[in-house]
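Written below as C-alpha coordinates is the structure these notes are about.
Order of listing sets the numbers, starting from 1, for every ligand and every atom in it.
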Amino acid sequence: MLLYPDMYLDSIDNLNIKVLREMGFEALILDIDNTIIEWNIRVPDDRSRRIIKEAMAVGMKVCLISNGTRNRVSEFAAALDVSCVYNAGKPRKSPYRRALKLLGVSPDKVVAIGDQVFTDILGGNRLGFYTILVRPISTKETKWTCFIRRFERIVLNKYNKNVKKSD
Ligand SMILES: [Mg+2]
(Lines give C-alpha, C1' and ligand atoms only; values in the text may rest on other atoms or scores of the structure.)
Protein backbone atom coordinates (compact mmCIF):
# COMPACT_ATOMS: atom_id res chain seq x y z
CA MET A 1 0.00 0.00 0.00
CA LEU A 2 1.63 3.20 -1.22
CA LEU A 3 0.00 5.33 1.50
CA TYR A 4 1.30 3.27 4.42
CA PRO A 5 4.60 4.12 6.07
CA ASP A 6 7.09 1.40 6.97
CA MET A 7 7.30 2.89 10.47
CA TYR A 8 5.25 5.32 12.53
CA LEU A 9 6.74 7.46 15.28
CA ASP A 10 4.75 9.39 17.90
CA SER A 11 7.54 11.95 17.94
CA ILE A 12 10.57 12.74 15.80
CA ASP A 13 12.47 12.67 19.11
CA ASN A 14 12.03 8.88 19.13
CA LEU A 15 13.90 8.54 15.85
CA ASN A 16 16.93 6.29 16.24
CA ILE A 17 19.25 7.15 13.36
CA LYS A 18 21.95 4.82 14.58
CA VAL A 19 19.61 1.84 14.23
CA LEU A 20 18.67 2.94 10.71
CA ARG A 21 22.37 3.05 9.85
CA GLU A 22 22.81 -0.44 11.28
CA MET A 23 19.92 -1.60 9.08
CA GLY A 24 22.08 -0.60 6.11
CA PHE A 25 20.57 2.75 5.16
CA GLU A 26 22.95 5.45 3.94
CA ALA A 27 20.84 8.58 3.56
CA LEU A 28 17.93 10.49 5.05
CA ILE A 29 15.52 12.51 2.96
CA LEU A 30 13.77 14.78 5.42
CA ASP A 31 10.69 16.95 5.17
CA ILE A 32 11.14 20.25 7.02
CA ASP A 33 7.86 21.78 8.20
CA ASN A 34 6.35 20.01 11.20
CA THR A 35 8.77 17.11 10.73
CA ILE A 36 12.08 18.48 12.04
CA ILE A 37 10.87 21.95 13.05
CA GLU A 38 7.59 23.71 13.72
CA TRP A 39 5.79 24.92 10.65
CA ASN A 40 7.16 28.15 9.19
CA ILE A 41 10.06 28.66 11.64
CA ARG A 42 12.84 30.01 9.46
CA VAL A 43 15.92 29.35 11.56
CA PRO A 44 17.00 25.84 12.67
CA ASP A 45 16.35 25.18 16.37
CA ASP A 46 18.03 22.78 18.81
CA ARG A 47 15.97 19.80 17.69
CA SER A 48 16.64 20.16 13.98
CA ARG A 49 20.34 20.73 14.67
CA ARG A 50 20.50 17.64 16.86
CA ILE A 51 18.86 15.46 14.18
CA ILE A 52 21.34 16.54 11.53
CA LYS A 53 24.25 16.14 13.96
CA GLU A 54 23.16 12.61 14.85
CA ALA A 55 22.89 11.70 11.18
CA MET A 56 26.34 13.07 10.43
CA ALA A 57 27.82 11.27 13.44
CA VAL A 58 26.87 7.87 12.02
CA GLY A 59 27.79 8.75 8.44
CA MET A 60 24.27 9.28 7.10
CA LYS A 61 23.92 11.72 4.24
CA VAL A 62 21.04 14.19 4.49
CA CYS A 63 18.89 16.01 1.97
CA LEU A 64 15.95 18.22 2.92
CA ILE A 65 13.00 18.08 0.56
CA SER A 66 10.17 20.56 0.86
CA ASN A 67 7.27 22.00 -1.06
CA GLY A 68 8.32 25.32 0.47
CA THR A 69 9.78 28.22 -1.45
CA ARG A 70 13.37 28.53 -2.58
CA ASN A 71 14.24 31.20 0.01
CA ARG A 72 12.76 29.39 2.95
CA VAL A 73 14.17 25.98 2.11
CA SER A 74 17.64 26.89 0.89
CA GLU A 75 18.24 29.29 3.81
CA PHE A 76 17.23 26.62 6.27
CA ALA A 77 19.35 23.92 4.59
CA ALA A 78 22.37 26.24 4.35
CA ALA A 79 22.17 26.95 8.07
CA LEU A 80 22.37 23.19 8.70
CA ASP A 81 24.97 22.65 5.97
CA VAL A 82 22.94 20.00 4.12
CA SER A 83 21.64 19.69 0.57
CA CYS A 84 18.03 20.46 -0.32
CA VAL A 85 15.30 20.35 -2.94
CA TYR A 86 12.79 23.22 -2.77
CA ASN A 87 9.44 23.76 -4.52
CA ALA A 88 9.39 19.99 -4.61
CA GLY A 89 5.74 19.39 -5.40
CA LYS A 90 5.71 16.15 -3.40
CA PRO A 91 4.52 13.44 -4.10
CA ARG A 92 5.90 13.95 -7.62
CA LYS A 93 8.81 11.66 -8.43
CA SER A 94 11.17 14.17 -10.03
CA PRO A 95 12.18 16.05 -6.85
CA TYR A 96 13.05 12.75 -5.19
CA ARG A 97 15.18 11.76 -8.17
CA ARG A 98 16.94 15.08 -7.80
CA ALA A 99 17.54 14.36 -4.11
CA LEU A 100 18.98 10.94 -5.02
CA LYS A 101 21.38 12.62 -7.41
CA LEU A 102 22.48 15.13 -4.78
CA LEU A 103 23.01 12.33 -2.28
CA GLY A 104 24.65 9.92 -4.70
CA VAL A 105 22.84 6.87 -3.29
CA SER A 106 20.44 4.27 -4.65
CA PRO A 107 16.74 4.30 -3.60
CA ASP A 108 17.04 1.16 -1.46
CA LYS A 109 19.55 2.96 0.79
CA VAL A 110 17.21 5.85 1.57
CA VAL A 111 14.93 6.55 4.51
CA ALA A 112 12.33 9.24 3.82
CA ILE A 113 10.82 10.93 6.87
CA GLY A 114 7.83 13.26 6.97
CA ASP A 115 4.63 14.21 8.75
CA GLN A 116 2.18 13.90 5.86
CA VAL A 117 0.79 10.78 4.22
CA PHE A 118 -0.21 12.21 0.85
CA THR A 119 3.08 14.01 0.21
CA ASP A 120 5.97 12.58 2.25
CA ILE A 121 4.91 8.94 2.54
CA LEU A 122 3.27 8.54 -0.86
CA GLY A 123 6.22 10.29 -2.53
CA GLY A 124 8.82 8.22 -0.68
CA ASN A 125 7.03 4.93 -1.31
CA ARG A 126 6.73 5.68 -5.02
CA LEU A 127 10.52 5.72 -5.21
CA GLY A 128 10.87 2.58 -3.09
CA PHE A 129 12.37 4.30 -0.06
CA TYR A 130 11.92 3.09 3.52
CA THR A 131 9.32 5.55 4.82
CA ILE A 132 8.75 6.88 8.33
CA LEU A 133 5.69 8.90 9.26
CA VAL A 134 6.09 11.12 12.31
CA ARG A 135 3.44 12.91 14.29
CA PRO A 136 3.56 16.63 13.34
CA ILE A 137 5.58 18.70 15.84
CA SER A 138 2.92 21.39 16.06
CA THR A 139 -0.78 21.65 15.36
CA LYS A 140 -0.18 25.00 13.69
CA GLU A 141 -0.63 24.35 9.97
CA THR A 142 -1.99 25.86 6.79
CA LYS A 143 -5.75 25.62 6.21
CA TRP A 144 -5.06 23.31 3.28
CA THR A 145 -3.05 20.92 5.44
CA CYS A 146 -5.79 20.88 8.09
CA PHE A 147 -8.24 19.91 5.36
CA ILE A 148 -5.97 17.15 4.04
CA ARG A 149 -5.51 15.75 7.57
CA ARG A 150 -9.14 14.58 7.54
CA PHE A 151 -8.39 12.21 4.68
CA GLU A 152 -5.12 11.27 6.30
CA ARG A 153 -6.99 10.12 9.39
CA ILE A 154 -9.04 7.71 7.27
CA VAL A 155 -5.85 6.16 5.89
CA LEU A 156 -4.19 6.01 9.30
CA ASN A 157 -7.19 4.34 10.92
CA LYS A 158 -6.98 1.59 8.30
CA TYR A 159 -3.22 1.40 8.74
CA ASN A 160 -3.56 1.01 12.51
CA LYS A 161 -6.09 -1.79 12.09
CA ASN A 162 -3.70 -3.61 9.73
CA VAL A 163 -0.81 -3.17 12.13
CA LYS A 164 -2.89 -4.67 14.94
CA LYS A 165 -3.93 -7.61 12.74
CA SER A 166 -0.34 -8.45 11.86
CA ASP A 167 0.81 -8.27 15.52
MG1 LIG B 1 5.58 18.66 6.67
Geometric class of the Phe25/Tyr130 ring pair [parallel <30°, tilted 30-60°, perpendicular >60°]: tilted

Angular separation of Asp33 O and Asp115 OD1 about the Mg ion (ligand 1), given to 10°: 100°

Heavy-atom pair with the smallest gap, counting every atom of Val62 and Ser83: O-OG, 3.2 Å

Carboxylate-amine/guanidinium contact Arg149 Glu141, below 4.0 Å: yes

The Mg ion (ligand 1) to nearest N/O/S of Asp120 less than 2.8 Å: no

Ion pair check, Arg135 and Asp115, cut-off under 4.0 Å: no

N/O/S atom name from Asp31 that is nearest to the position of the Mg ion (ligand 1): OD2

